[in-house]
Amino acid sequence: MAEPIRAAVMTAPGAPIEIREFPPPRPAPGGAVLETMLSEVCGTDVHLHRGHLAGVPYPIIPGHVSCGRVLETAGALADVEGRPIRTGQVVTFYDVFGTCGACWHCLVARAATRCPHRRVYGITTGLADGILGGWAERIELRPGVRIVPLPEDLEPMAFMGGGCGLATGFHAVERAGIALGDAVVVQGSGPVGVNAAVFASLAGALSVLMVGAPAARLEAAREMGVDDTLDLADAPAPDDRVAWVRARTGGRGADVVIEATGHPQAVPEGLEMLRDAGRYVVVGQYTDAGDALLNPHRQINRRHATILGCWGYEFTHLYRSLALMARHQPRLGWQRLVSREYPLERAGEALAAMAGLEVMKAVIRVA
């Protein structure tokens, strides 16, 4: 009989993380099993533990972005370039599966992130579905899950420094349509905000400003190319933060503002940072944290503002953001965003550190 594997289980909102043993997963035809190396602990995991997301099938194994070595495949598999997936290869995978490609959202709206059949590893998968989360010694990859080999010169820890914020930030910048020479403001200095700032710069922004906290996160953002930062502790009043932005954008406001805070009140504040005919992207409101009051005449209509939502990411965003990471990693060093590593048995501590903003990103090292 095969040796059991261990996994960290979130049994219910607010409950302690439990380490349990399970039979090792086996791949279905067309699937694979990974030996987990690293899995991130992100803001989504904090929301899951606080019960902020609807429809979560607790108990779950969290960890929707991970990397590992291919342990076993059930049949020949290939990546999107047609190259064979080999046993022992270090890979990650697109954490979304089940997108049908046949519904109105997929075919007409071309908005696959809104497909009603869409499921996400470590978020909308429960124990009844199998070992489908990265906080485990092995991960089952269902048939059809897109496997992405890590570039040979990209360290796994650098990839985990990007984590889910890498593709999410990339998607937000794509939605923003940043033009060469734009002035960009990013609200929020977490992983999504920092990655959005990095890709805004790579997209040709002339200046990238960031408003956020705490100081350690802002320091990391500056190290990765953000031109100037404002700590919320130094400007507790929204009017002062708006004035800071306008003083650095010719008095007009930014061409593009990207909200990556998760706080509803950031939205009306961000609209005040936006120039007339500017573009505002909301990527941080992943859960329903409440309402915000704004003036539709002054802040939207008369301002001639374009407001865009940005939900999740598609495979293209993961694939292209990873390629850019591999090219620019020697200069930018995404691994700096990983504040601490934790062994699997201390997953609860890692989650608490993320919830308390003690770290920019926590990573669980499994192997």
Side-chain angles (χ1 to χ4, degrees), residues 6-20 22 36 39-66 95-99 113-136 139 163-165 167-168 187-193 212-214 217 259-267 282-292 309-313 339-340 342 344-364:
R6 298 180 306 147
V9 179
M10 187 182 293
T11 59
I17 302 298
E18 299 180 7
I19 303 299
R20 297 184 182 178
F22 299 92
T36 312
S39 188
E40 78 169 352
V41 184
C42 70
T44 300
D45 301 309
V46 175
H47 289 308
L48 288 166
H49 197 236
R50 290 174 175 170
H52 290 171
L53 296 176
V56 177
Y58 302 99
I60 64 171
I61 299 173
H64 70 111
V65 173
S66 310
D95 57 340
V96 173
F97 68 101
T99 305
T113 63
R114 301 307 305 139
C115 174
H117 307 287
R118 177 180 184 265
R119 302 185 71 193
V120 185
Y121 271 72
I123 299 175
T124 61
T125 54
L127 284 183
D129 299 304
I131 310 298
L132 303 184
W135 296 10
I139 311 170
C164 65
T168 305
Q187 296 173 279
S189 52
V192 172
R217 291 187 171 194
E259 179 281 319
T261 71
H263 296 284
Q265 295 306 318
V267 175
V282 179
V283 68
Q285 304 296 318
Y286 187 63
T287 64
D288 187 349
D291 298 331
C310 183
W311 184 256
Y313 55 85
S339 306
R340 294 179 201 161
Y342 295 82
L344 183 63
E345 58 269 18
R346 294 173 57 197
E349 293 179 45
L351 185 63
M354 281 298 297
L357 300 182
E358 298 173 24
V359 295
M360 167 71 86
K361 182 182 287 291
V363 167
I364 294 176

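Because the structure is predicted, anything quoted here is derived from the model rather than measured.
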K.L.:
Roughly how far, to the nearest 0.5 Å, is CZ of Arg119 from CG of Asp129?
P.N.:
4.0 Å
K.L.:
Of all the heavy-atom pairs spanning Val9 and Pro59, show the shortest one and how long it is.
P.N.:
CG1-CB, 3.8 Å
K.L.:
What are the two closest non-hydrogen atoms of Ile139 and Gly133, and how far apart are they?
P.N.:
CG1-O, 3.8 Å
K.L.:
Look at the side chain of His49 and the backbone N and O of Thr44, then say whether any donor-acceptor pair between them is shorter than 3.5 Å.
P.N.:
no
K.L.:
Would a distance-only check, ignoring hydrogens and angles, find a side-chain to backbone donor-acceptor pair under 3.5 Å from Trp135 to Glu40?
P.N.:
yes
K.L.:
Looking at CG of Asp45 and OG of Ser39, how far apart are the two atoms once the value is rounded to the nearest 0.5 Å?
P.N.:
7.5 Å
K.L.:
What pair of heavy atoms forms the shortest contact from Ala362 to Met354, and how long is it?
P.N.:
N-SD, 3.6 Å
K.L.:
Ignoring hydrogens and angles, tell me if any N or O in the side chain of Glu259 forms a donor-acceptor pair with the backbone of Gly262 under 3.5 Å.
P.N.:
yes
K.L.:
Please check if the side chain of Glu349 supplies one atom and the backbone of Tyr342 the other of a donor-acceptor pair under 3.5 Å.
P.N.:
no
K.L.:
I need the minimum non-hydrogen distance between Tyr313 and Arg118, along with the two atoms involved.
P.N.:
O-NH2, 4.2 Å
K.L.:
Working to the nearest 0.5 Å, report the span between CE of Met10 and CG of Leu48.
P.N.:
5.5 Å
K.L.:
Between Thr287 and Leu53, is there a donor-acceptor pair closer than 3.5 Å when you use the side chain of the first and the backbone of the second?
P.N.:
no
K.L.:
Below 4.5 Å, heavy atoms only, C-beta onward: do Glu345 and Arg6 meet side chain to side chain?
P.N.:
yes
K.L.:
At what distance, to the nearest 0.5 angstrom, does CG of Asp95 lie from CD1 of Ile123?
P.N.:
6.5 Å
K.L.:
Which pair of non-hydrogen atoms, one from Cys164 and one from His64, has the smallest distance, and what is that distance?
P.N.:
CB-CE1, 3.4 Å
K.L.:
Compare all side-chain heavy atoms of Val192 with those of Tyr286 and state whether any distance is below 4.5 angstrom.
P.N.:
no
K.L.:
From Thr125 OG1 over to Ile61 CD1, what is the distance, rounded to the nearest 0.5 angstrom?
P.N.:
8.0 Å
K.L.:
Can you measure from NZ (Lys361) to CZ (Arg217) and round to the nearest 0.5 angstrom?
P.N.:
9.5 Å
K.L.:
For Arg340 versus Glu358, what's the shortest heavy-atom pair and its separation?
P.N.:
NH1-OE1, 3.3 Å
